[in-house]
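A quick write-up on the structure given underneath.
In the text below, chain A, chain B and the rest are named by the order of the sequence lines, each starting its count at 1.
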Protein chains: 2
Amino acid sequence: MVTKQLSGTPENADLARADSLAREIFSDVANKWALLIIEALGERTLRFGEVRSEVDGISHKMLTQNLRMLERNGLAQRKVHPTVPPKVEYTLTEPGLALRETVHRMCDWTHRYIDHIETSRDRFGAADTP
Amino acid sequence: MVTKQLSGTPENADLARADSLAREIFSDVANKWALLIIEALGERTLRFGEVRSEVDGISHKMLTQNLRMLERNGLAQRKVHPTVPPKVEYTLTEPGLALRETVHRMCDWTHRYIDHIETSRDRFGAADTP
DNA sequence: CCGCATCCGTTTGGATACTG
DNA sequence: CAGTATCCAAACGGATGCGG
């Protein structure tokens, strides 16, 4: 299991809990929108609408939902300016920035193997890519 | 957008296509089950049922579905032994192994920040973690 | 043992509208 | 502009059965 490595010696009960928590965090984070948002934010501070236009394709609802999740996990910070019209800014925290590093790795990976993958898809018999 | 960096200078049409393809691959790969399977396979060759018991929680259907996807993208190789009962083995390819590296980074990240995240969740007001 | 198909409940995600 | 709620379609995901 993925989280196996997280616990050096899986021998006591604390680790079982940590493992389950790790699984939960992993599930939160290992999804398309969350990773795209983290990437979009980068080292900048963006307003809600700015993130929205950066991510492109994401709906209002999904953005809100995922930003909430990131905030809850302490990956992004939410700064509300009590003005009118409202202005809400989001910034990645240290953990968020660290996670972003791994997203970069995944992007690099995509870049490196995109040709290989395309070829593989062709060979497999592409009849389902609209 | 995440895939922005994939195209050094986003100026011609080829890159737009590559970008869309990158997005598609990213969506395929950036999901819980796919990453867990890749991690489970590791450098070993496992039979269908072995993967199933490694990943734990995954259903027959989801496993099949994701293994097909990994095969289609050339991330995993499928070896059928025409015996009875059938024996089908799966192995990560080079690209698959490379992707696995990034999964490891994500696991390391989880390990490093799990406490921070747990604390953050508590502060946020944990009323929804069953 | 493995793969494919089917049924079906659950969840996700988009569109819209309303509030502050 | 941002957040919340509602409605509804689509996709996900589990269980089961048959076929190779």
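- With rounding to whole Å, B:Leu63 atom CG is found 13 Å from D:dG13 atom P.
- With rounding to whole Å, B:Asn66 atom CG is found 11 Å from D:dG14 atom P.
- Nearest-nucleotide positions on DNA chain D for B:Ser59 and A:Glu50 put A:Glu50 closer to the 5' end.
- Using a 4.5 Å heavy-atom cutoff, the side chains of A:Pro95 and A:Leu75 are in contact.
- If you take NZ of A:Lys87 and P of D:dC1, they are 12 Å apart, rounded to a whole angstrom.
- Within the nucleic acid shown, B:Arg78 comes within 4.0 Å of sugar-phosphate atoms alone, with no base atom in reach, counting heavy atoms only.
- In terms of hydrophobic clustering, with Ile, Leu, Val, Met, Phe, Trp and Tyr side chains grouped at heavy-atom distances under 4.5 Å, A:Val88 and A:Val84 are assigned to different clusters.
- Nucleotides of DNA chain D nearest to A:Arg47 and B:Gly57 differ in position, and the one nearer the 5' end is that of A:Arg47.
- With a cutoff of under 4.0 Å to any heavy atom of chain A, the contacted region of DNA chain C is bounded 5' to 3' by C:dG13 to C:dG20.
- The line from CD1 of B:Ile58 to NZ of B:Lys32 is 9.0 Å long, rounded to the nearest 0.5 Å.
- Electrostatic pairing of A:Arg121 and B:Asp28 counts as a salt bridge here, judged by a charged N lying under 4.0 Å from a carboxylate O.
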Which protein N or O atoms sit under 3.5 Å from an N or O of nucleotides 4-6 of chain D?
{"residue": "D:dT4", "atom": "OP2", "partner": "A:Arg68", "partner atom": "NH2", "Å": "3.4"}

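- B:Ala40 approaches B:Val55 most closely through the heavy-atom pair CB-CG2, 3.8 Å.
- With salt bridges taken as basic N to acidic carboxylate O contacts below 4.0 Å, none links B:Arg105 and A:Glu101.
- Rounded to whole angstrom, the span from the CG atom of B:Leu67 across to the C1' atom of D:dG13 amounts to 16 Å.
- Each end of the helix from C:dC1-D:dG20 to C:dG20-D:dC1 gets its own axis from five base pairs, and the two axes differ in direction by 30°, given to 10 degrees.
- For the pair B:Thr110 (side chain) and A:Ala22 (backbone), a donor-acceptor distance under 3.5 Å is absent.
- A salt bridge is absent between B:Arg47 and B:Glu50; no separation between the charged side-chain nitrogens and carboxylate oxygens falls under 4.0 Å.
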Quiz prompt | salt bridge (charged side-chain N to carboxylate O under 4.0 Å, His left out) between A:Arg123 and A:Glu118, intermediate numbers included | solution = CA-CA 9 Å; A:Arg123 272 204 313 267; A:Glu118 195 175 16; over 6 Å; no
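- Taking all atoms of both residues into account, the shortest heavy-atom contact from B:Ile37 to B:Val51 is CG2-CG1, 4.3 Å.
- In summary, B:Arg23 and A:Asp56 engage in a salt bridge, as defined by a charged side-chain N under 4.0 Å from a carboxylate O.
- Rounded to a whole Å, the CE atom of A:Met62 is 16 Å from the C1' atom of D:dA2.
- D:dA2 atom P lies 11 Å from atom NE2 of A:His81, rounded to whole Å.
- In this structure, the CG atom of A:Asn31 is 16 Å from the C1' atom of D:dG13, given to the nearest Å.
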